[in-house]
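Start at 1 with the first residue, then count along the sequence.
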Amino acid sequence: MISEEDKYKKDSFFKNLVFIVIFLIGFWGISFSQHPTVSILGDSYSTFEGYTAPLENEQWYFKTKRDRTDVEKVEQTWWWILCNEYELQLDINNSYSGSTISYRGYYGRDYKDRSFITRATNIGNPDIILVFGATNDDWAGVPLGTQKYEDWTEEDLYSFRPAMTYLASYLCENHPKASIYFIVNDCLKTEITETISEVCKHYGITVIELQNIAKKTSHPTIAGMRQIAEQVGKVLKPKE
């Protein structure tokens, strides 16, 4: 027969055990939540089948092996490596293959539905925003247009320069607490990179210019993905 004293000790033990478990769960939750959240607004370089939001976005990197690339695992993408090795938590990856900053796309087609401007409304509320674009504006030969910082018309947004300023303005206004970075591909025309630099300087956005990225069919390979992750990571979390 269990004495009252033993029963009390047993009850106390289990109460303390429950308290410790609850405390540890809470502690672990706090620890995980301390990792900065990051959202990506990108194009084909940042896609991977099954990992974009929305899932219906056009992809360039797939789970099944394709001759055009050696990247076949999500763990090989630059953003997965970045989050894993630099202690970041992915919020939303809204990347769309072939998308442009502006409303104008390839062969003069209307890309308003997939443009960076349109998709910028769906990136959550992260601590860090990584914009990785303008490659398709360059490759598609989108008109440069005139740089302006207010009073945009819809027609303006079919040209790169006003679309770029509008996007930067929108992100800064709607995410005032976020750290915003613009990643620039290493193969763009001078007028594109200069526009990005000027616009980002105006809005206080940090520019990360990539250098010598390994590619196949104009897209990052496994080696190139790691190079991107490392070059971006050095800016986000420079080593002391």
TODO: Walk me through it: do Ile92 and Asn122 pass the test side-chain contact (heavy atoms from CB on, under 4.5 Å)?
DONE: CA-CA 8 Å; Ile92 290 177; Asn122 181 23; 4.0 Å; yes

TODO: Apply side-chain contact (heavy atoms from CB on, under 4.5 Å) to the pair Lys237 and Glu87, showing each step before the final yes or no.
DONE: CA-CA 10 Å; Lys237 291 192 172 184; Glu87 297 183 325; 3.7 Å; yes

Task: Stepwise side-chain contact (heavy atoms from CB on, under 4.5 Å) test for Ile123 and Asn93 - done: CA-CA 7 Å; Ile123 56 172; Asn93 178 6; over 6 Å; no

TODO: Please test Glu72 against Lys63 for side-chain contact (heavy atoms from CB on, under 4.5 Å), starting from the C-alpha separation and ending with a verdict.
DONE: CA-CA 5 Å; Glu72 56 185 3; Lys63 299 174 184 177; over 6 Å; no

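Residues passing the side-chain hydrogen bond (donor to acceptor under 3.5 Å, both in side chains) test with Ser46, sequence neighbours excluded: Trp78. Residues passing the salt bridge (charged side-chain N to carboxylate O under 4.0 Å, His left out) test with Lys148, sequence neighbours excluded: Asp156. Lys216 pairs by the side chain to side chain contact (heavy atoms under 4.5 Å, CB included) definition with Thr221, not counting sequence neighbours. Listed by chain and residue number, Arg226 satisfy the side-chain hydrogen bond (donor to acceptor under 3.5 Å, both in side chains) test with Glu85 (two or more places apart in sequence, or in another chain). Residues meeting the side-chain hydrogen bond (donor to acceptor under 3.5 Å, both in side chains) test with Thr193, sequence neighbours left out: none.
Residues Leu90 and Val74 share a single hydrophobic cluster, defined by chaining ILVMFWY side chains whose heavy atoms lie under 4.5 Å apart. Put simply, Tyr86 and Ile81 are part of two different groups of oily side chains (I, L, V, M, F, W, Y) that touch within less than 4.5 Å, one to the next. Following chains of ILVMFWY side-chain contacts shorter than 4.5 Å, one cannot reach Ile192 starting from Trp139, and the two form parts of different hydrophobic clusters.
Across all non-hydrogen atoms, the minimal contact from Val207 to Cys200 is CG2-CB, 3.4 Å. Looking at every heavy atom in both residues, Ile196 comes nearest to Ala134 through CD1-CB, 3.7 Å. Ser102 and Val142 make their closest contact through OG-CG1, 3.3 Å (heavy atoms, listed as atom of the first residue, atom of the second, distance). Between Val71 and Ile222 the shortest heavy-atom distance is CG2-N, 3.6 Å. Looking at every heavy atom in both residues, Gly224 comes nearest to Pro220 through C-CB, 4.1 Å. The two atoms that bring Pro36 and Asp127 nearest to each other are CA-OD2, 3.4 Å, heavy atoms only.
For the ring pair (Phe, Tyr, Trp, His ring centres under 6.0 Å) condition, the pairs that include at least one residue of residues 87-118, sequence neighbours left out, are Tyr103-Tyr158. Listed by first and then second residue, the salt bridge (Lys or Arg N to Asp or Glu O under 4.0 Å) pairs involving residues 103-125 are Lys112-Glu154 (not counting sequence neighbours). Identified under the ring pair (Phe, Tyr, Trp, His ring centres under 6.0 Å) test for residues 53-73, with sequence neighbours left out: Trp60-His219. Each salt bridge (Lys or Arg N to Asp or Glu O under 4.0 Å) pair with one or both residues in residues 197-207, not counting sequence neighbours, would appear here, but there are none. For residues 160-179, no residue pair satisfies the salt bridge (Lys or Arg N to Asp or Glu O under 4.0 Å) rule, not counting sequence neighbours. For residues 163-183, every residue pair satisfying the ring pair (Phe, Tyr, Trp, His ring centres under 6.0 Å) rule, not counting sequence neighbours, is listed here: Trp152-Tyr166. Every pair passing salt bridge (Lys or Arg N to Asp or Glu O under 4.0 Å) that includes a residue from residues 132-144 is listed here, sequence neighbours excluded: Asp138-Lys189.
Between Phe132 and Tyr45, the two ring planes are perpendicular [angle over 60°; tilted spans 30° to 60°].
With contacts defined as side-chain heavy-atom distances shorter than 4.5 Å, the pair Ile101/Phe160 qualifies. With contacts defined as side-chain heavy-atom distances shorter than 4.5 Å, the pair Thr37/Ile128 does not qualify. Looking at Val232 and Ile183, their side chains come closer than 4.5 Å, going by heavy atoms from C-beta outward. The closest side-chain heavy-atom distance from Ser169 to Tyr203 is below 4.5 Å. Between Trp79 and Met225, the closest side-chain pair of non-hydrogen atoms is not below 4.5 Å. Side-chain contact between Ser197 and Glu209 is present, with heavy atoms from C-beta onward closer than 4.5 Å. Ser39 has its side chain within reach of Asp91: a pair of non-hydrogen atoms, C-beta onward, lies under 4.5 Å apart. Taking the side chain as every heavy atom from C-beta outward, Ile180 and Leu130 never approach each other to under 4.5 Å.
The OG1 atom of Thr77 lies 9.5 Å from the CG atom of Leu82; values are rounded to the nearest 0.5 Å. Atoms CD and CD1, from Glu230 and Ile228 in turn, are 11.0 Å apart once rounded to the nearest 0.5 Å. Rounded to the nearest 0.5 angstrom, Ser115 OG and Leu157 CG are separated by 8.0 Å. Rounding to the nearest 0.5 Å places CE of Met164 at 11.5 Å from NE2 of His202. Note that OG of Ser95 is 7.0 Å distant from CG of Leu41, once rounded to the nearest 0.5 Å. Of the inter-residue distances, the one linking Ile205 atom CD1 with Leu171 atom CG reads 6.5 Å to the nearest 0.5 angstrom.
With hydrogens and angles left out, the side-chain atoms of Ser44 and Thr47 include no donor and acceptor closer than 3.5 Å. Using a 3.5 Å distance cut-off with no hydrogens or angles, the side chains of Asp186 and Asn212 do not pair a donor with an acceptor.
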